[in-house]
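What follows is a short report on a single structure.
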Number of protein chains: 2
Amino acid sequence: MDKGELFQQFVRFTTSVHQVTNDMTKEIRIENITTVQYKILEFITVSQPVTLSEVSECLHLSLPNSSRELKKLIQNQLCEKIIVPNDRRKFDIRLTEKGTALMNKVFQQLELKFQERIYNLTEPELKEIQEAIKILQTKFFA
Amino acid sequence: MDKGELFQQFVRFTTSVHQVTNDMTKEIRIENITTVQYKILEFITVSQPVTLSEVSECLHLSLPNSSRELKKLIQNQLCEKIIVPNDRRKFDIRLTEKGTALMNKVFQQLELKFQERIYNLTEPELKEIQEAIKILQTKFFA
DNA sequence: CTCTTTAGTTATCATTTGATAACTAAAGGG
DNA sequence: CCCTTTAGTTATCAAATGATAACTAAAGAG
C-alpha cells in the first residue's frame with residue numbers, strides 16, 4: 001500500500017466531510033448563541049455529562065474562556081451544572097430540558113438534510129455506507 | 001435499513017472526523033496567519049485556481065471579508081491574483097512559490113501525524129480503510 | 001447605448017474570540 | 001499540617017471575525 005497516496009485520499013476526504021457538514025449546519029442559527037457556544041452545546045449533547053475541563057480540552061478553548069461561554073449558556077438556561085459528590089472542585093455539565101429540546105430541534109433539521117442527501121441511494125448502497133462508516137470509525141477515528 | 005439509526009452513526013462519525021482533524025491541525029500555527037486565513041490557504045491549495053467568489057461561497061465568508069483576508073495573504077506573498085483574459089472583473093487566485101512551499105511543509109507535518117496514526121495497522125486493514133474512504137467519498141460526500 | 005447584474009474593493013463598526021494575570025477553593029501527597 | 005496540584009472563576013485587553021454601506025468597473029441584455 002502506498003501510504004503517501006492514502007494520505008492524499010485522506011486529505012481530500014476530510015476536506016469533503018468538512019465542506020458537507022459545514023453546508024448542512026450553515027443555516028442553523030440559534031438566537032443569542034454564537035458559533036463557539038453552539039459547538040459547546042453540540043459537544044455536551046453527544047458527550048454529556050462532561051466537565052468544564054473536558055469542554056476546554058476537546059474544543060481547544062482555554063479554561064477561562066470555556067468558563068465564560070458556559071456561563072452564558074447557563075444564563076440562557078440551556079445547560080446546568082451538576083455537583084459531583086466525590087470532588088467538590090468539579091461539576092458535571094448537562095443540557096437542561098430547554099437545551100435538550102433545542103438540540104433535538106437542531107438535530108431534526110440536520111436529519112432532514114441528511115435524509116435528502118441519501119434519498120436517491122439504493123438499499124445496498126446504504127448498507128455499503130454504513131459498513132464504511134463503521135470501518136473508519138473503529139480503525140481510524142477511534 | 002433504519003435511516004434514523006444511520007443518521008445517528010453519521011453524526012457520531014462526523015464528530016469524530018472533526019475531532020481528529022482538529023487535533024491533527026491544532027499545533028500548526030503559522031506566523032502572521034490567522035485561522036480564517038489558514039482555511040483560505042487550505043482551500044486554495046486543494047482547489048486552485050479559485051476566484052474570490054468561490055472562496056467566499058465555499059468558506060461562508062462575505063465577499064468584503066474575503067477580499068480583506070486575501071489582501072493580507074497577498075501582502076504576505078503567500079498567494080497572488082492572476083488576471084483571467086475573458087472577464088476582467090474576475091481573477092484567479094493561486095499560491096505563490098512561497099505559499100506553495102509553506103503549504104507543502106504544513107502537509108508534510110500533517111502526513112507525519114497521519115502515518116503515526118496508521119502505523120500499527122496491517123496491510124489488509126489499510127486496504128479496508130482505503131476502500132471505505134472511496135465509498136463514502138463517491139456515494140455520500142461527492 | 002442604456003440599464004442591470006456580476007465581481008470585487010474600501011471603510012467602518014460591533015461582536016466574538018483568544019490570551020493572560022490574579023484569584024479561590026478543594027484534593028492529594030508526604 | 002503544609003505544600004503542590006487540580007479545577008474553575010473573574011476581569012481585562014487585544015485581535016479576529018462578521019456585517020453593512022457605499023463604491024468602481026466590467027459584462028451582458030435588450
Side-chain angles (χ1 to χ4, degrees), chain A residues 18 22-23 25-44 47-76 78-94, chain B residues 18 22-23 25-44 47-76 78-94:
Chain A
H18 280 107
N22 263 343
D23 282 341
T25 51
K26 184 194 170 183
E27 293 140 40
I28 296 169
R29 282 268 133 205
I30 311 165
E31 266 197 303
N32 302 322
I33 298 287
T34 68
T35 310
V36 171
Q37 283 163 27
Y38 174 74
K39 281 194 182 159
I40 294 177
L41 277 183
E42 207 177 52
F43 177 66
I44 298 172
S47 314
Q48 63 184 335
V50 296
T51 65
L52 191 62
S53 297
E54 285 167 345
V55 171
S56 168
E57 199 194 316
C58 293
L59 270 47
H60 306 314
L61 301 169
S62 71
L63 211 43
N65 291 337
S66 303
S67 178
R68 174 184 63 198
E69 299 308 321
L70 179 65
K71 206 171 158 188
K72 292 175 194 162
L73 290 172
I74 291 172
Q75 272 166 9
N76 274 324
L78 295 172
C79 45
E80 56 191 352
K81 295 181 183 181
I82 293 179
I83 293 158
V84 12
N86 32 346
D87 189 336
R88 283 193 294 172
R89 289 170 305 180
K90 298 188 207 176
F91 50 83
D92 280 348
I93 306 166
R94 281 181 179 284
Chain B
H18 280 108
N22 264 344
D23 282 341
T25 51
K26 184 195 170 183
E27 294 141 39
I28 296 170
R29 283 268 132 205
I30 312 166
E31 263 197 304
N32 301 323
I33 297 288
T34 70
T35 310
V36 171
Q37 283 162 28
Y38 175 73
K39 281 194 182 159
I40 294 177
L41 277 184
E42 207 176 52
F43 177 66
I44 298 172
S47 313
Q48 63 184 336
V50 295
T51 66
L52 191 62
S53 297
E54 284 167 346
V55 170
S56 169
E57 198 194 316
C58 294
L59 270 47
H60 306 315
L61 301 169
S62 70
L63 210 42
N65 291 336
S66 303
S67 177
R68 175 184 61 198
E69 298 309 321
L70 179 64
K71 206 171 156 188
K72 292 175 195 162
L73 290 173
I74 291 173
Q75 272 167 9
N76 273 324
L78 295 172
C79 45
E80 58 192 350
K81 295 182 183 179
I82 293 179
I83 294 157
V84 10
N86 32 345
D87 188 336
R88 282 193 296 171
R89 289 169 307 180
K90 298 188 206 175
F91 49 84
D92 281 348
I93 305 166
R94 282 180 178 284

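Residue numbering restarts at 1 for every chain, and letters A, B, ... go by the order of the sequence lines. Keep in mind that what you see is a predicted model, and the values were worked out from it rather than measured.
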Query raised in the report: Checking side chain to side chain contact (heavy atoms under 4.5 Å, CB included) for the pair Lys81(A)/Ile74(A): CA distance, chi angles, key distance, verdict?
Result: CA-CA 8 Å; Lys81(A) 295 181 183 181; Ile74(A) 291 172; 3.8 Å; yes
Report task. For nucleotides 10-19 of chain D, just jot down a letter per nucleotide in 5' to 3' order: B, S or -, based on protein non-hydrogen atoms under 4.0 Å. Result -> BBB---SBBB
Query raised in the report: Which letters describe nucleotides 23-30 of chain C, given B = protein heavy atom under 4.0 Å from base, S = only from sugar-phosphate, - = neither?
Result: ---BS---
Query - With sequence neighbours excluded, residues passing side-chain hydrogen bond (donor to acceptor under 3.5 Å, both in side chains) with Asn22(A) - result: none
Report task. Only counting residues at least two apart or in another chain, list the ones meeting side-chain contact (heavy atoms from CB on, under 4.5 Å) with Ser47(A). Result -> Phe43(A), Val50(A)
Query raised in the report: Does Asp87(B) have any salt bridge (charged side-chain N to carboxylate O under 4.0 Å, His left out) partners at least two apart in sequence or in another chain, and if so, which?
Result: Arg89(B)
Query raised in the report: Rounding to a whole Å, what distance do you find between Leu73(B):CG and dG8(C):P?
Result: 15 Å
Report task. Not counting sequence neighbours, which residues clear side-chain contact (heavy atoms from CB on, under 4.5 Å) with Thr51(A)? List them please. Result -> Ser53(A), Glu54(A), Lys90(A), Asp92(A)
Requested in this report: Sorted by first residue and then second, give each salt bridge (charged side-chain N to carboxylate O under 4.0 Å, His left out) pair with at least one member in residues 55-74 of chain A; sequence neighbours left out.
Outcome: Glu69(A)-Lys72(A)
Query - Length of the CZ-P vector between Phe91(B) and dA27(D), whole Å - result: 15 Å
**Report entry** Separation of atom CG in Asp92(B) from atom C1' in dG8(C), rounded to whole Å
**Finding:** 14 Å
Query - Qualifying residue for side-chain contact (heavy atoms from CB on, under 4.5 Å) with Leu70(B), from Val55(B), Leu61(B), Leu78(B), Ile93(B) - result: Ile93(B)
Report task. To the nearest 10°, let me know how far the axis at one end of the helix from dC1(C)-dG30(D) to dG30(C)-dC1(D) is tilted from the axis at the other, five pairs an end. Result -> 40°
Query - Qualifying residues under side-chain contact (heavy atoms from CB on, under 4.5 Å), relative to Arg88(B), sequence neighbours excluded - result: none
Requested in this report: Could you pull out all residues at least two apart from Ser62(B) that satisfy side-chain contact (heavy atoms from CB on, under 4.5 Å)?
Outcome: Pro64(B), Asn65(B)
Requested in this report: Would you mind reading off the distance between Leu59(A) atom CG and dT16(C) atom P, rounded to a whole angstrom?
Outcome: 17 Å
Query raised in the report: Do side-chain atoms of Ser66(B) reach the backbone of Leu52(B) as a donor and acceptor pair under 3.5 angstrom?
Result: no
Query raised in the report: What is the nucleic acid contact for Lys81(B), judged by heavy atoms within less than 4.0 Å: base, sugar-phosphate only, or nothing?
Result: sugar-phosphate
Query raised in the report: Over how many whole Å does the gap from Ile40(A) atom CD1 to dT16(C) atom C1' extend?
Result: 12 Å
Requested in this report: State, with a plain yes or no, whether a side-chain heavy atom of Asp23(B) is found less than 4.5 Å away from one of His60(A).
Outcome: yes
